[in-house]
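Working notes, structure below.
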Amino acid sequence: QVQLVESGGGLVQPGGSLRLSCTASGSISIYAMGWYRQAPEKQRDLVATITNGGKPNYADSVKGRFTISRDNAKNTVYLEMNSLEPEDTAAYYCNANFLFRSYWGQGTQVTISS
């Protein structure tokens with residue numbers, strides 16, 4: 001079993017940047033990793049994923065603003081978020097997925113407000 005811990009959330013002004021980190025308790029090399037977000041009273045939506053080979057995929061709403069990356073040596077996946085908008089406000093969750101195994105972190109809150 002893999003435990004995931006997210007960090008890096010916070011309160012920033014519109015147009016600002018944040019870098020989220022997700023560190024796993026063990027190796028993530030076989031896992032596809034992803035970031036999802038959930039705003040109050042809304043469903044959890046995909047933000048970005050990265051395959052175990054390093055290929056990224058993004059939701060249309062964040063393309064060109066967010067960058068997902070991974071460092072397998074550090075068992076960590078990152079989400080660099082730029083040009084943040086109030087609509088990006090949500091709890092952000094890290095996911096590790098391989099075949100029928102899927103693990104989630106506890107989430108980190110991102111709030112965009114002036």
Side-chain angles (χ1 to χ4, degrees):
Q1 187 170 355
V2 174
Q3 294 180 327
L4 304 172
V5 179
E6 301 98 332
S7 61
L11 171 65
V12 296
Q13 293 185 344
S17 299
L18 280 175
R19 187 194 197 201
L20 304 183
S21 298
C22 170
T23 301
S25 59
S27 175
I28 63 169
S29 61
I30 65 170
Y31 291 93
M33 302 296 296
W35 287 97
Y36 293 74
R37 66 187 181 187
Q38 187 169 18
E41 301 182 359
K42 293 190 175 181
Q43 68 181 18
R44 188 172 296 186
D45 291 328
L46 179 147
V47 175
T49 61
I50 186 166
T51 68
N52 57 6
K55 181 179 180 180
N57 179 61
Y58 299 96
D60 287 343
S61 59
V62 306
K63 282 181 180 177
R65 301 189 297 124
F66 291 11
T67 302
I68 189 171
S69 61
R70 64 191 295 159
D71 186 338
N72 289 344
K74 295 183 178 180
N75 297 329
T76 300
V77 62
Y78 305 97
L79 185 68
E80 185 76 34
M81 305 187 294
N82 298 310
S83 302
L84 284 162
E85 304 167 352
E87 293 73 22
D88 296 316
T89 295
Y92 283 69
Y93 296 90
C94 179
N95 175 262
N97 187 66
F98 178 72
L99 297 180
F100 300 108
R101 287 178 276 173
S102 183
Y103 304 104
W104 293 91
Q106 84 290 347
T108 186
Q109 180 66 36
V110 172
T111 302
I112 314 304
S113 176
S114 55

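- When side chains are defined from C-beta on, R37 counts as touching S61, because their heavy atoms get closer than 4.5 Å.
- Linking ILVMFWY side-chain heavy atoms closer than 4.5 Å, directly or via other members, places Y78 and V62 in two distinct hydrophobic clusters.
- In this structure, C94 and W35 have side chains that are in contact, with non-hydrogen atoms separated by less than 4.5 Å.
- For the pair R70 and A32, the tightest heavy-atom approach, listed with the atom from each and the gap, is NH1-CA, 4.3 Å.
- Connection of Y58 to V110 is established within a shared hydrophobic cluster, with ILVMFWY side chains joined at heavy-atom distances below 4.5 Å, either directly or through further cluster members.
- By the 4.5 Å heavy-atom criterion applied to side chains, M81 and L20 are counted as neighbours.
- Separation of atoms CD (Q106) and OG1 (T108) is listed at 7.0 Å; rounding is to 0.5 Å.
- Under the 4.5 Å side-chain heavy-atom criterion for ILVMFWY residues, no single connected hydrophobic cluster contains both Y103 and Y93.
- N82 contributes atom CG, which lies 9.5 Å from atom CG of L18 (distance to the nearest 0.5 angstrom).
- Linking ILVMFWY residues whenever their side-chain heavy atoms come closer than 4.5 Å, directly or via other members, leaves W104 and V47 in distinct clusters.
- Looking at N57 and K55, their side chains never come closer than 4.5 Å, going by heavy atoms from C-beta outward.
- Contact annotation: the side chain of E6 never approaches that of Y92 to less than 4.5 Å [non-hydrogen atoms, C-beta and beyond].
- S17 and V12 get closest at one heavy-atom pair: O-CG1, 4.0 Å.
- Taking the side chain as every heavy atom from C-beta outward, T49 and Y36 approach each other to under 4.5 Å.
- What you find for C22 and M33 is that their closest heavy atoms are SG-CE, 4.5 Å.
- For Q3, the CD atom counts as loosely surrounded, since its 6.0 Å shell holds 12 or fewer non-hydrogen atoms of other residues, nucleotides or ligands.
- Between S114 and P14, the shortest heavy-atom contact is N-CD, 3.7 Å.
- A donor-acceptor contact closer than 3.5 angstrom is absent between the side chains of T111 and S113.
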- Query: Can you list the steps and then say if T89 with Q109 is a side-chain contact (heavy atoms from CB on, under 4.5 Å)?
  - Reply: CA-CA 8 Å; T89 295; Q109 180 66 36; 4.0 Å; yes
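- When the side chains of ILVMFWY residues are joined at heavy-atom separations under 4.5 Å, either directly or via intervening members, I30 and L4 end up in a single hydrophobic cluster.
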- Could you walk me through whether S102 and N95 pass side-chain contact (heavy atoms from CB on, under 4.5 Å), step by step? CA-CA 7 Å; S102 183; N95 175 262; 2.9 Å; yes
- Item | side-chain contact (heavy atoms from CB on, under 4.5 Å) evaluation trace for R101 with V2 | CA-CA 9 Å; R101 287 178 276 173; V2 174; over 6 Å; no
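- Taking each heavy atom of P56 and I68 in turn, the nearest pair found is CB-CG2, 3.7 Å.
- Taken to the nearest 0.5 Å, the OG1 atom of T51 stands 15.5 Å off from the OH atom of Y31.
- Contact of the D88 side chain with the F66 side chain is registered, since non-hydrogen atoms from C-beta on lie closer than 4.5 Å.
- The only option from T76, N72, T23 that meets the side-chain contact (heavy atoms from CB on, under 4.5 Å) definition with I28 turns out to be N72.
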